[in-house]
J.: 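One structure, as C-alpha cells, below. Some questions next.
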Number of protein chains: 4
Amino acid sequence: MTRSGKPSAKRVLIMDAAVKAFAQNGYHQTRIADVAREAGVAAGTIYLYFSSKDDLLISIFQEKVQGFITDFRNRLSREENAEVKLKKLVHLHLFQMQQHPDLAAVFQLELRQSRHFMSAYPKVDLKSYFGLIGEIIEHGQEQGLLRKDLYLSAVKKALFGAIDETVTSWLLSGRTYDLTHMAGPLADLFIRGLREDSLRTKMEDMSGV
Amino acid sequence: MTRSGKPSAKRVLIMDAAVKAFAQNGYHQTRIADVAREAGVAAGTIYLYFSSKDDLLISIFQEKVQGFITDFRNRLSREENAEVKLKKLVHLHLFQMQQHPDLAAVFQLELRQSRHFMSAYPKVDLKSYFGLIGEIIEHGQEQGLLRKDLYLSAVKKALFGAIDETVTSWLLSGRTYDLTHMAGPLADLFIRGLREDSLRTKMEDMSGV
Amino acid sequence: MTRSGKPSAKRVLIMDAAVKAFAQNGYHQTRIADVAREAGVAAGTIYLYFSSKDDLLISIFQEKVQGFITDFRNRLSREENAEVKLKKLVHLHLFQMQQHPDLAAVFQLELRQSRHFMSAYPKVDLKSYFGLIGEIIEHGQEQGLLRKDLYLSAVKKALFGAIDETVTSWLLSGRTYDLTHMAGPLADLFIRGLREDSLRTKMEDMSGV
Amino acid sequence: MTRSGKPSAKRVLIMDAAVKAFAQNGYHQTRIADVAREAGVAAGTIYLYFSSKDDLLISIFQEKVQGFITDFRNRLSREENAEVKLKKLVHLHLFQMQQHPDLAAVFQLELRQSRHFMSAYPKVDLKSYFGLIGEIIEHGQEQGLLRKDLYLSAVKKALFGAIDETVTSWLLSGRTYDLTHMAGPLADLFIRGLREDSLRTKMEDMSGV
DNA sequence: CATGAATGAGCGTTCATTCAT
DNA sequence: CATGAATGAACGCTCATTCAT
C-alpha cells in the first residue's frame with residue numbers, strides 16, 4: 001500500500017525532507033529520525049508512507065526521475081528537429097539539476113549504490129531515460145540528420161554518462177559555477193560526433209534554447 | 001606506517017580480499033569479518049594495515065587507481081598521434097575494467113559515495129586522470145588534429161563520464177557482453193566530435209589497438 | 001533530557017539495576033547487557049536515559065550522593081550541638097551504607113577511579129559533603145566546643161577518609177559485622193581529637209543516637 | 001614462575017614504566033603496548049615477567065607496598081615513644097607519596113578496584129600495614145600514653161583512611177601544595193583523640209620529624 | 001492517522017595474549 | 001631471553017523498525 005502512487009501531501013513532505021537530509025549527509029549517514037525531524041513528523045509516521053528506509057530512497061528516485069522524464073518528454077514533443085531536441089534535452093537536464101541541487105546530490109551521489117541493489121527493482125532504473133535518448137537519436141537518423149552507422153546502445157550510455165558526470169563534477173566542485181553553461185559545449189560535442197558527414201557545417205549557437 | 005606505500009604482501013592480500021568482498025555485496029553490506037575470512041586472516045589483522053574500514057576502501061581506490069593511471073600513461077607515451085592515443089585510452093580503460101571486474105564493481109558502484117566524503121582526501125580524487133585526458137586533447141590541438149575552440153573542462157568530463165557509464169552499464173547488465181567492443185564506437189563518437197572540421201574523413205578502423 | 005533530573009520511573013529502574021550489577025561484578029566487568037537484563041529492559045533502552053555507560057555510573061553517583069547529602073543535612077538541622085551533630089553524621093553515614101550495601105559497594109570501590117575522570121565534572125565531586133563536615137566543625141568552634149586552632153581542610157579529609165575506610169573495610173570483610181557499631185568509637189576518636197582542651201571530660205555514651 | 005621475587009633489573013624496569021603509565025592514564029586506559037613503549041621493550045617481553053596485566057598491577061602494589069612497609073618499620077624501630085612513632089609514620093607515609101607521585105596515583109586511584117578483585121589474593125592486601133599501625137598503638141597503650149579503652153580495629157581503619165584520603169585529595173588537587181604539611185595536623189588530631197586523658201597537655205610541635 | 005518509547009540485532013574496533021622466529 | 005605480528009573474543013553503541021496508545 002505504501003507503494004501506491006497516491007500523491008499524499010504528507011508523503012511528498014517526507015520525500016522532500018528526505019532529499020534535503022540525504023543531500024546534506026548522504027543516505028547512510030542520515031537517520032530516519034533526521035528525516036522525521038526535517039519533515040516535522042514522528043519517526044513512526046514515515047513507515048505509514050514508506051515500507052523502509054530503502055523504499056524511501058527508491059521512491060524518491062522513482063517518482064522524481066519519473067517526473068523529470070515525463071516533463072522532458074512533454075517539453076521536447078513540441079520540437080521537431082532532432083538536433084535541437086538533443087540540445088534541449090542536455091540543457092533541460094542540467095537546468096533541472098541546477099534548480100534542484102539537493103535532488104541532484106541524491107541522484108548523483110547515492111544513485112550508483114542504489115542502482116546496485118536496485119537491480120532487484122526493475123522499474124527503478126534509468127531505462128526509460130535511456131529510451132528517451134534513443135528515440136531522439138533514432139528520430140534524427142530518420143530525419144537524415146544523424147549517421148545511420150551508430151552503435152545506438154553505446155551512444156545512449158555515452159551521452160547519459162557525459163551529462164551525468166558533468167552534474168557530478170559540478171556538485172563536487174561545491175556548485176561554484178553555472179551548470180547550464182556546460183550545456184552548449186556538451187551538446188555540441190555530441191551532435192558533431194553523431195552528425196551525418198555530408199551535413200558538416202559550423203555549429204549554430206545555442207542561444208534561444 | 002599504515003598509510004605508507006609499503007608493498008606489504010599481507011596488505012595487498014587484504015586489499016584484494018576486500019575488493020572481492022565489496023564487489024560481491026557492496027561496501028556497506030560487507031562486514032570486516034567477511035573481508036578477514038576472504039583474506040584468511042583474523043579481523044584484527046586488518047587493523048594492522050588499515051586504520052578503519054573507510055581507510056581500506058580509500059586505500060584500494062587510491063593505490064589501484066594510481067596504478068592504472070601510471071600504467072595508462074606509460075603505455076600511451078609510446079604513441080604519437082593524439083587520436084590514436086584517445087582510442088587507446090578508451091580501449092585500455094575498458095580492457096582493464098573487464099580484466100578486473102571486481103575492482104571495476106568497487107570503482108563504479110562505491111566510488112561516487114567515496115568521492116563524496118573523499119573531498120577531504122585531495123590526493124584520492126580523479127584529478128590526475130582528468131589531467132591525462134586533458135593532455136591528450138591538448139596534444140591533439142597542437143598537432144592540428146582537434147579543434148581549438150573546445151571547452152576543455154567540459155570535454156574531459158564528458159569523455160570520462162561516457163567511459164564510466166559504459167563500464168557501469170556493463171556491470172549492471174551482469175557482464176553479459178564483451179566490454180572492449182564498446183571502445184571503438186565510443187572513441188569514434190568522441191573523435192568525430194572533437195575533430196578539426198577540415199580533416200573530416202571516414203573514420204578508420206580500430207583494428208590494431 | 002538525558003541528564004535532566006526528571007524522576008522518570010524507568011530511569012530510576014535502570015539506575016537501581018546498574019547499582020546491583022556494578023556492586024556484584026565491578027563497573028568494568030559489567031556489561032551493558034547485564035544491566036539491561038537486571039532492569040528488564042532492552043540494552044538500547046538504557047541509551048534513551050543515559051548517554052553512555054560512564055554517564056550511567058556518574059549519574060548514579062551524582063544523584064544518589066546528592067540525595068544522601070540532602071537527607072543528612074535535613075536530619076542534622078534539627079540538632080543544635082555540634083558534637084552531637086558529628087556523632088549523628090558518622091552514624092547516619094554508616095547506617096545508610098549498611099542499608100544500601102550495593103550502593104555502598106559502588107561508591108567505595110568504583111568511586112576513586114570515578115573521582116579521577118570526574119575531575120571534569122565539577123558538580124559530581126564530594127565538595128558539598130566536605131562542606132557539610134566543615135560547617136559542623138565550624139559550628140562547634142563557634143559554640144566553643146571545638147578547638148580554634150584546627151587545620152580545617154586537614155580535619156575534613158581525615159574525618160571523611162576515616163569513615164570511608166571504615167565502610168570499605170566492612171565491605172571487603174564480606175559485611176560480616178554490624179557497621180553502625182563502628183560509629184561510636186569513630187566519632188569518639190574525632191571528637192576527642194577536636195575538643196577544646198578545657199572541656200575534657202569522659203566521653204558520654206553514643207546511646208540514643 | 002613470574003611471581004618469583006627475583007629482583008630482575010628488567011622486571012623492575014617494566015614495573016616502573018607501568019607505574020608511570022598507569023598514573024598518567026589509569027589502569028584500564030593503559031594498554032600493555034603503552035607500558036612496553038615506556039619501558040623500551042617489546043610487548044611480549046612483559047609476559048616473560050608477569051603473567052597478565054592484572055598480575056603486573058598486583059605485583060606493583062605487592063612489592064612496592066611491601067617495600068614501604070619494611071622501610072617504615074625499619075625507620076620507626078629506632079624510635080621508642082609511641083606518639084612520636086605515630087607522628088613519624090604519618091609523616092613518612094605522606095613524604096613517600098610526595099616523593100613518588102606516580103606510585104601514589106596508582107595506589108590511591110587504582111587500589112580500591114584492585115582491593116575488590118584482590119580479595120582473591122590474600123597476601124596482597126593492606127593487613128600488614130594495618131598491623132604496623134596496630135603495633136604502634138598497642139605499644140603506646142603499654143607505655144601508658146594512649147587510652148586502654150580503644151576499639152583498636154576501628155582506630156586502625158580510621159587512621160589509615162585519614163592518611164589515605166589526605167593523599168587522594170592532594171593528588172586530585174593536582175598536587176598544588178606540600179603534602180607533608182598535612183602530617184602535623186593529621187597526627188595531632190589522632191594523638192589527641194587517642195591520648196590518655198590524664199596526660200592532656202599542649203601538643204608539642206612536629207619540628208624535627 | 002500519528003506518535004515516540006522501546007526494541008535488539010548487528011558490527012566496527014580494541015587490545016590482552018600468544019608463539020614462531 | 002626477546003621480539004612484534006597475528007589473533008579473536010569481547011562489547012559499547014546505533015538506529016531501523018515496531019506497536020501500544
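What you are looking at is a predicted structure, and each value in this text was computed from that prediction instead of being measured. We name chains A, B, ... by the order of the sequence lines, and we start the count at 1 in each one.
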J.: Rounded to the Å, how far apart are B:Q29 CD and F:dA16 P?
T.: 13 Å

J.: Taking only the side-chain heavy atoms of C:Y47 (C-beta and beyond), determine which of E:dT3, F:dG12, E:dA16 contains the nearest atom.
T.: F:dG12

J.: If you measure only the distance, is there a donor-acceptor pair under 3.5 Å linking the side chains of C:D55 and C:Y49?
T.: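 Absent: no donor and acceptor within the cut-off.
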
J.: If we call it a pair only when both distances are under 3.5 Å in a Watson-Crick or G-U wobble match, what pairs with F:dA10?
T.: E:dT13

J.: By nearest heavy atom, map A:T30 and C:S52 onto DNA chain F; which one lands nearer the 5' end?
T.: C:S52

J.: Is any side-chain nitrogen or oxygen of D:Y49 closer than 4.0 Å to OP1 or OP2 of F:dA2?
T.: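 Looking at the OP1 and OP2 atoms of F:dA2, one of them is under 4.0 Å from a side-chain N or O of D:Y49.
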
J.: Kindly point out which of E:dT13, F:dT3, E:dA6 is positioned nearest to the side chain of C:T45?
T.: E:dA6

J.: So, B:K64 and B:D16, do they make that salt bridge, N to O below 4.0 Å?
T.: yes

J.: Looking across every strand, which nucleic acid part, if any, lies under 4.0 Å from B:I32 by heavy atom: base, sugar-phosphate, or nothing?
T.: base

J.: Can you check the B:K10 NZ to F:dA5 C1' distance for me, whole Å?
T.: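 Answer to the nearest Å: 8 Å.
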
J.: Check the distance between E:dT14's P and B:F50's CZ and give it to me in whole angstrom.
T.: 15 Å

J.: Does any nucleotide pair with F:dT17 by Watson-Crick or G-U wobble geometry, both distances under 3.5 Å, and what is it?
T.: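 Pair assignment: F:dT17 / E:dA6.
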
J.: Pick from B:L109, B:L103, B:D34, B:V35: which one makes a side chain to side chain contact (heavy atoms under 4.5 Å, CB included) with B:F22?
T.: B:V35

J.: Could you state the CD1-P distance from D:I46 to F:dA5, rounded to the nearest angstrom?
T.: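 Atom CD1 in D:I46 sits about 15 Å away from atom P in F:dA5.
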
J.: Rounding to an integer number of Å, can you tell me how far B:Y27 OH sits from E:dC11 P?
T.: 13 Å

J.: What are the two closest heavy atoms between A:A36 and A:A42, and how far apart are they?
T.: CB-C, 3.9 Å

J.: Let me spell it out: for each of D:R31 and C:G44, pick the nucleotide of DNA chain E with the closest heavy atom. Which residue's pick is nearer the 5' end?
T.: C:G44

J.: Which residue, A:A43 or D:A33, contacts DNA chain E at a nucleotide closer to its 5' end, judged by nearest heavy atom?
T.: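 Its nearest nucleotide lies further toward 5', so the answer is A:A43.
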
J.: Using atom NE2 of B:H28 as one end and atom C1' of E:dC11 as the other, report the distance to the nearest whole Å.
T.: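 In whole Å, E:dC11 C1' and B:H28 NE2 are 12 Å from each other.
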
J.: Kindly point out which of E:dT13, E:dT3, F:dA5 is positioned nearest to the side chain of B:L48?
T.: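 The listed nucleotide nearest to B:L48's side chain is F:dA5.
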
J.: Output the rounded distance in Å from NZ (D:K53) to P (E:dT17).
T.: 8 Å

J.: Rounded to whole angstroms, how far apart are CZ on C:R37 and P on E:dT7?
T.: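 One finds 14 Å between P of E:dT7 and CZ of C:R37, rounded.
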
J.: Side chains of C:H100 and C:F68: does their closest heavy-atom pair fall under 4.5 Å?
T.: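 Yes, at least one pair of side-chain atoms sits under 4.5 Å.
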
